[in-house]
Amino acid sequence: MCLEEIRSASNFNVWSISIHLRGVILRTVLMITQKFPPFNGVGVLRVTKFVKYIQDFGWRPVVLTCKRQENHLDAVDEKLLDGIPEDLSIHRVNAPSLYDVYRLVGGRAKQGSFSLSKNSMASLIRSLFVPDQYVAWYFTGVRKAKEIFQVENIDAIYSTSPRETSHLIGRTLHLKYKCPWIADFRDPWIEKQHRPKRIQPLEQFEKYLQKIVLRDSDCILAAWPGIIRSFEPDIEEKTQVLTNGFDEEDFRGIEPHVFPKFTFLYAGSLFKELSPLPMFEALDVLLRTRPKLRQRMQFVLVGRQDAFVRDTITKYELEPYVDIIPQIPHRECLQYILGADVLIFSIPDKQWIPSKIFEYLRAGRPILAIADQDSDAVQMIRRVNPGLCFASRDPGQIAGHISNLLQNRQISDCEIQNNRRLWEFERRQLAKQLAHTLDTLVNQV
């Protein structure tokens with residue numbers, strides 16, 4: 001479906017209420033992010049889409065980010081640069097990663113699949129990175145930002161995490177130049193997944209860093225409500241949820257990938273902390289009790305998997321039925337999402353809302369959630385599209401959902417065209433909300 005069809009088909013027209021100001025830039029925002037295209041990844045998409053669309057609402061973005069290091073672990077997608085303004089001012093600075101020390105003593109490799117910790121020494125060294133392994137970027141980032149302020153009329157500052165060093169840069173500039181500052185959190189800070197266990201002095205120091213960032217920022221954005229719940233309640237008056245979303249232009253002209261079998265697809269990195277074990281246990285039970293299904297179905301994992309996931313697949317002898325595809329460019333991933341029969345995600349708790357969910361919703365495919373029925377993610381999906389999501393952590397129930405989905409293929413292609421709640425998550429509409437927040441902060445100065 002093209003964008004023009006959506007505009008004409010829906011009474012709720014998120015586009016018609018927008019004021020187009022391209023070419024009439026009123027204010028400038030410095031956007032601080034550790035990763036920016038050509039880096040690939042879900043975290044990169046959020047800030048990239050803000051940069052892409054915020055000019056339509058009176059804000060000119062200037063980006064401060066890190067240079068790409070050779071042989072870096074993270075994947076690269078040059079196509080992501082196609083969607084940003086041609087005249088965008090991007091300032092890339094050196095950002096030495098302390099992970100180089102970590103790798104020398106047995107941490108994860110520079111390329112390929114990842115493992116968060118391979119030995120106690122590597123874990124200890126990793127725990128010393130406060131607030132993250134790019135803390136050295138604070139010094140190069142602040143220095144470059146001061147040069148930017150000399151030549152640009154910066155009206156506001158936006159910083160996004162992970163990595164939290166971005167917020168330390170934002171805070172320093174906010175205090176020096178008295179510009180309004182938004183601290184944007186895509187994940188919690190102290191309570192986030194993968195945060196290493198630190199010795200007590202460093203633990204207290206990091207909590208102090210979080211405290212001063214939350215205290216001194218003018219506005220705190222969170223990609224999902226659980227992030228705000230992880231902070232102290234006394235900052236609630238300046239917090240707001242601004243979710244992740246999907247970009248309709250990313251779906252334009254995409255042909256769904258054709259799979260030879262009924263396909264359950266998981267898109268994104270998958271590791272032990274996401275609690276995917278019930279999914280593999282359910283698949284094992286189903287294939288042993290109903291062996292005829294072995295010729296009819298497959299599981300596809302698109303992205304990086306840690307050793308636990310690979311070992312679990314081997315343990316249950318699922319290799320013939322699980323296809324692992326390394327991290328791929330974003331549009332290619334969307335082809336796989338659109339071509340799958342059922343989309344899967346797994347979350348470790350009731351609060352986390354993975355960013356992939358919004359593209360899942362746009363794809364209109366049935367969703368199998370390895371999650372609690374009352375989790376925020378499942379409840380959000382059901383508010384947007386009731387009946388789309390099947391959720392459980394019990395392997396027996398998951399096996400039942402898989403079996404039912406195989407038998408009821410007509411469930412696919414759920415209605416999205418006139419779904420008012422779905423289009424509230426379109427990236428351009430979300431950029432409009434960010435611009436409105438920036439306008440409010442600047443007008444208060």
Side-chain angles (χ1 to χ4, degrees), residues 108-109 111-119 193-194 257-328 333 336-337 339-350 352 354 356-357 360 365-373 375 377-378 389-409 411-412:
R108 68 185 188 180
Q111 298 287 352
S113 60
F114 64 95
S115 176
L116 291 178
S117 178
K118 291 187 177 180
N119 60 48
Q193 296 289 325
H194 297 330
H257 182 85
V258 179
F259 291 101
K261 298 180 181 179
F262 192 99
T263 298
F264 295 80
L265 182 137
Y266 181 100
S269 298
L270 187 60
F271 37 87
K272 182 179 181 179
E273 287 78 3
L274 290 181
S275 306
L277 183 59
M279 176 179 68
F280 295 115
E281 292 176 336
L283 182 58
D284 174 58
V285 169
L286 196 62
L287 294 178
R288 283 192 290 104
T289 57
R290 299 184 60 187
K292 290 184 179 179
L293 293 180
R294 297 176 182 178
Q295 304 304 317
R296 294 180 51 197
M297 61 178 288
Q298 66 175 349
F299 272 57
V300 175
L301 309 179
V302 180
R304 299 183 300 190
Q305 295 79 40
D306 71 358
F308 172 82
V309 172
R310 299 191 304 273
D311 292 345
T312 301
I313 292 171
T314 301
K315 173 184 175 182
Y316 290 110
E317 300 180 348
L318 298 175
E319 294 96 330
Y321 318 106
V322 179
D323 188 12
I324 296 178
I325 299 172
Q327 195 165 0
I328 54 179
C333 183
Y336 281 88
I337 288 174
D341 295 282
V342 179
L343 301 169
I344 303 174
F345 72 88
S346 179
I347 52 177
D349 56 51
K350 294 184 179 182
W352 192 23
K356 68 170 68 70
I357 282 179
Y360 280 13
R365 318 302 287 164
I367 297 173
L368 177 59
I370 315 303
D372 297 303
Q373 293 276 355
S375 65
V378 172
C389 186
F390 305 85
S392 180
R393 292 193 186 278
D394 178 76
Q397 291 183 358
I398 296 170
H401 289 321
I402 294 173
S403 180
N404 291 335
L405 287 163
L406 279 162
Q407 295 173 14
N408 297 280
R409 302 184 66 145
I411 294 175
S412 61

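All values below were derived from every heavy atom in this structure, side-chain atoms included, with hydrogens, water molecules and symmetry-related copies excluded.
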Side-chain donor/acceptor of R310 to backbone N/O of Q305, under 3.5 Å: yes
S403 side, atom OG; L293 side, atom CG - distance, nearest 0.5 Å: 6.5 Å
Over 12 foreign heavy atoms within 6.0 Å of CD, E317: no
Test: D372 and R393 ion pair at under 4.0 Å: yes
Any side-chain heavy-atom pair of S375 and I347 under 4.5 Å: yes
Min side-chain heavy-atom separation R365-V342 under 4.5 Å: no
Atom pair CD (Q327) and CZ (R304), whose distance is rounded to the nearest 0.5 Å: 5.0 Å
Interatomic spacing from CZ in R296 to OH in Y321 - rounded to 0.5 Å: 14.5 Å
CZ-CE distance between F259 and M297, expressed to the nearest 0.5 angstrom: 13.5 Å
Candidate pair F390 and I402, rule side-chain contact (heavy atoms from CB on, under 4.5 Å), full reasoning: CA-CA 9 Å; F390 305 85; I402 294 173; over 6 Å; no
Heavy-atom side-chain proximity of Q298 to V322 below 4.5 angstrom: no
Rounded distance (nearest 0.5 Å) linking atom NZ of K272 with atom CG of D306: 9.0 Å
Interatomic distance, H401 atom NE2 to L368 atom CG [nearest 0.5 angstrom]: 7.0 Å
H257 vs Y336 side-chain heavy atoms within contact, under 4.5 Å: yes
side-chain contact (heavy atoms from CB on, under 4.5 Å) evaluation trace for L283 with L318: CA-CA 8 Å; L283 182 58; L318 298 175; 4.0 Å; yes
Check: Y266 ring centre within less than 6.0 Å of F264 ring centre: no
Any donor-acceptor pair under 3.5 Å from Y316 side chain to V285 backbone: no
F345 vs I370 side-chain heavy atoms within contact, under 4.5 Å: no
Heavy-atom check, side chain of L301 versus side chain of D323, under 4.5 Å: no
Residues which pass side-chain hydrogen bond (donor to acceptor under 3.5 Å, both in side chains) with S275, listed by chain and number, not counting sequence neighbours: none
Trace of the side-chain contact (heavy atoms from CB on, under 4.5 Å) decision for V302 with L265: CA-CA 7 Å; V302 180; L265 182 137; 3.9 Å; yes
Main-chain N/O of W352 paired with D349 side-chain donor or acceptor, under 3.5 Å: yes
Which residues share a salt bridge (charged side-chain N to carboxylate O under 4.0 Å, His left out) with R294, sequence neighbours left out: none
Closest heavy-atom pair and its distance - V309, P276: CG2-CG, 4.3 Å
Charged N-O contact under 4.0 Å between D284 and R288: yes
Polar side-chain atom of D341 near backbone of T263 as donor-acceptor pair, under 3.5 Å: yes
Sidechain-backbone polar pair: T312 side chain, F308 backbone, donor-acceptor under 3.5 Å: yes
Distance-minimising heavy-atom pair for V378 and A391: CG2-CB, 3.7 Å
Pair F299 and F280, ring centroids less than 6.0 Å apart: no
Residue pair I344 / M279: nearest heavy atoms and the distance that separates them: CG2-SD, 3.7 Å
S269 versus L274, closest heavy-atom pair with distance: O-CD1, 3.5 Å
N/O donor-acceptor pair under 3.5 Å between Q397 side chain and P395 backbone: no
